2 protein chains.
Amino acid sequence: MRKNFPMSAKLRDVAEKAGVSVATASRVLSGSAEGVRPERRQAVVAAARELQYVPNAHAQALARSGTTHIGAILHDVSDPYFSEIVRGLQRAAVDAGQLVTVCNSYRDPERELAYVGLLRSQRIGALILTGSGLDDRSYSERLAAQINAFASTGGRPVFIGRHHIAGDAVLPDNVGGARALARALVTMGHRKFAAISGPPLLTTTRDRLDGFKAGLAEHGITLDPAAIAPGDFTREGGMAGMAHLLDAGPAGYGSIASDATCVFALNDAMALGALRTLRDRDIDVPGRISLAGFDDIPATLDTNPTLTTVRIPLAEMGALAVSLALEPPSDELRVRHIRSEVVLRESTAPPAALSR
Amino acid sequence: MRKNFPMSAKLRDVAEKAGVSVATASRVLSGSAEGVRPERRQAVVAAARELQYVPNAHAQALARSGTTHIGAILHDVSDPYFSEIVRGLQRAAVDAGQLVTVCNSYRDPERELAYVGLLRSQRIGALILTGSGLDDRSYSERLAAQINAFASTGGRPVFIGRHHIAGDAVLPDNVGGARALARALVTMGHRKFAAISGPPLLTTTRDRLDGFKAGLAEHGITLDPAAIAPGDFTREGGMAGMAHLLDAGPAGYGSIASDATCVFALNDAMALGALRTLRDRDIDVPGRISLAGFDDIPATLDTNPTLTTVRIPLAEMGALAVSLALEPPSDELRVRHIRSEVVLRESTAPPAALSR
DNA sequence: CTGAAAGCGCTTACAG
DNA sequence: CTGAAAGCGCTTACAG
């Protein structure tokens with residue numbers, strides 16, 4: 001590509017114009033040495049400006065064997081959960097003088113693996129793998145092989161979210177957050193629950209569901225498996241999940257609306273969808289049914305009612321991952337546990353039976 | 001960086017292991033030639049896999065003088081407007097086998113300029129400048145100089161949004177959309193309007209405001225300058241803008257609430273903020289005041305009431321920009337005009353005086 | 001303080 | 001079909 005175009009000015013052009021050697025030009029332009037006579041320095045700077053010189057980063061990367069590029073692989077930048085993480089990641093990366101290449105895997109393991117290879121070939125210094133791990137043996141092993149190869153050549157992989165692979169990681173407290181949420185809802189007076197789940201193999205799904213069940217169990221409450229609708233962490237999934245609960249419902253009850261008083265959607269995107277379905281059917285939230293999500297994405301403040309959720313500091317997690325990746329490597333695994341926090345808003349209230 | 005680490009396998013290693021020359025190894029691995037004897041081909045492939053060989057993209061870029069990388073500079077990926085554009089951009093880029101590096105300028109001209117340089121040095125093949133232009137002479141000239149330098153070496157710049165710089169562009173119809181919105185609102189019965197504006201120098205702000213005024217003017221209605229609150233295209237700006245309108249209001253009226261029946265927030269993010277302020281003050285929307293935004297970001301469906309807005313196909317714009325950038329260069333300027341469309345939802349209704 | 005030269009890891013005419 | 005060699009545009013010991 002770009003075959004028959006005038007090439008952009010190169011270091012040699014600058015050096016010639018300034019009447020110095022390329023070595024000297026390189027020294028002043030990449031600042032690696034301050035020991036250049038002021039007059040020459042200025043000549044070089046002037047020549048570079050005049051020629052609109054921009055160094056060829058590839059040549060630099062090759063000569064230095066290293067880049068100032070970070071790679072990030074995540075589900076989808078336009079998903080608010082990830083876009084918040086990316087925000088923090090970008091901020092921290094820029095502060096450290098790093099550029100970041102963002103790749104959307106759409107939760108496709110093959111695509112993720114392919115991106116790891118692509119980013120490795122870019123000789124990125126660090127790779128942030130954002131998003132849930134997968135309870136899949138073969139996938140984990142293949143990913144681990146790639147990641148280890150990357151790390152063995154000095155690359156710095158960092159995971160955000162629980163994976164079945166040893167490595168530096170930033171781990172949100174999905175279990176603890178969901179447990180705390182369950183406790184809060186029980187304290188509020190709820191006894192019968194339903195849930196809208198996430199993709200079955202994601203560790204995030206499992207952790208949040210396990211945590212929630214554990215919180216209920218503390219009060220002797222169990223979550224009827226029939227009251228767990230399948231979901232996929234999207235708004236549409238939340239709509240469908242809620243419809244599933246309302247229409248099919250736990251066997252014998254006809255509909256959860258006549259039974260459960262509170263629904264836990266495993267993430268906010270689905271909670272937004274669930275809220276939409278409830279509203280379309282004129283089911284009052286929280287009057288007739290309470291609804292809670294997880295993540296605390298910005299949109300939770302714009303719904304009416306505002307959404308009860310579990311806050312995890314997404315942007316901070318992104319920034320933290322970058323700083324982990326940029327710290328000098330160490331022999332021991334670095335894992336940062338991120339506290340989550342229940343945020344009670346308008347979508348949850350004591351069940352009608354109590355408030356009557 | 002990565003100094004005392006075992007280097008990753010290089011082509012020479014693969015070639016040795018396979019018992020062929022690096023030329024041959026290169027040919028089979030980069031597929032540039034199918035004319036390699038099957039047995040050797042297989043040996044090379046096997047060796048590459050065994051060594052976990054990943055080509056060094058920098059060496060390739062240098063040897064080929066070209067990359068498969070696209071750069072994009074935009075305000076902020078976590079802003080839903082841009083995150084939608086990025087989604088489309090990513091999709092189209094990946095389909096074309098391109099990686100994309102996303103840079104957040106935060107609307108800082110200096111930062112934007114710096115990124116253009118950085119991306120040029122990465123020898124990206126195309127650069128997508130996303131976001132509004134700026135009515136600023138000095139900025140436009142400096143940016144134009146950089147862009148022209150990029151283009152003159154075969155780079156493909158594409159603008160999304162109106163800039164004061166000649167170049168291929170994807171242009172949403174801000175003027176027409178705002179005009180159509182004004183018409184629709186007048187048809188609905190509104191006669192007195194207020195607005196929450198955007199950053200003053202952005203062409204987007206100007207276009208939307210001009211279009212809106214033009215639409216009102218068709219019906220002999222003028223927008224009182226005092227009824228235009230300053231804003232900044234953020235949710236917080238929308239909250240403040242609405243508060244400004246409610247508290248200060250046009251001189252002589254005390255508050256727009258007692259005068260205007262409809263508020264136009266120049267983008268959806270601000271409309272969300274405005275809605276929040278109205279709700280906090282128990283002002284019914286659309287009962288007492290109608291509210292409209294612009295962009296049709298996904299969140300407009302999750303508010304209650306849902307938000308009237310002007311839809312511009314953000315993801316498609318991103319994809320279109322990529323395809324413009326990837327088309328073979330041409331001598332004439334390519335400009336794609338993107339139609340916008342008024343979407344009436346629950347936040348607008350005939351003014352109370354009419355419906356009474 | 002400065003320059004000539006080797007080397008970073010590939011690709012690609014050019015011969016054979 | 002295959003290999004030796006030049007070249008992509010830098011950086012950086014190594015001499016001076």
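By convention in this document, chain letters (A, B, ...) are assigned in the order of the sequence lines, proteins followed by strands, and residues within each chain are numbered from 1. No experiment lies behind these values; they were computed from the predicted model shown.
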Check whether any side-chain N or O of B/R37 sits under 4.0 Å from OP1 or OP2 of D/dT2, and answer yes or no.
yes
Short side-chain N/O contact to C/dG9 OP1/OP2 from A/R64, under 4.0 Å
no
Does A/A25 or B/V20 map to a spot on DNA chain D nearer the 5' end, using the closest nucleotide for each?
B/V20
Most 5' of B/H58 and B/T24 on DNA chain C, judged by nearest nucleotide:
B/H58
May I ask you to decide if the ring planes of B/H58 and A/H58 are parallel, tilted or perpendicular, using 30° and 60° as cut-offs?
tilted
Phosphate-side-chain proximity, B/S26 and C/dT11, N/O vs OP1/OP2 below 4.0 Å
yes
Taking ring-ring contact (aromatic ring centres under 6.0 Å, His included) as the criterion, tell me which of B/Y115, B/Y81, B/F82 meets it with B/H75.
B/F82
Is the phosphate of D/dT2, meaning OP1 or OP2, less than 4.0 Å from a side-chain N or O of B/R40?
yes
Using the C1' atom as the reference point in each nucleotide, state the distance between D/dT12 and D/dG16 in Å, no decimals.
16 Å
Are any of the side-chain nitrogens in B/E110 or B/R142 under 4.0 Å away from the carboxylate oxygens of its partner?
yes
side-chain N/O A/S21 vs C/dT2 OP1/OP2, d < 4.0 Å
no
Taking atom CZ of A/R334 as the centre, does the number of heavy atoms from other residues, nucleotides or ligands within less than 6.0 Å exceed 12?
yes
Tell me which nucleotide among D/dT11, C/dA4, C/dC10 gets nearest to the side chain of B/Y53.
C/dC10
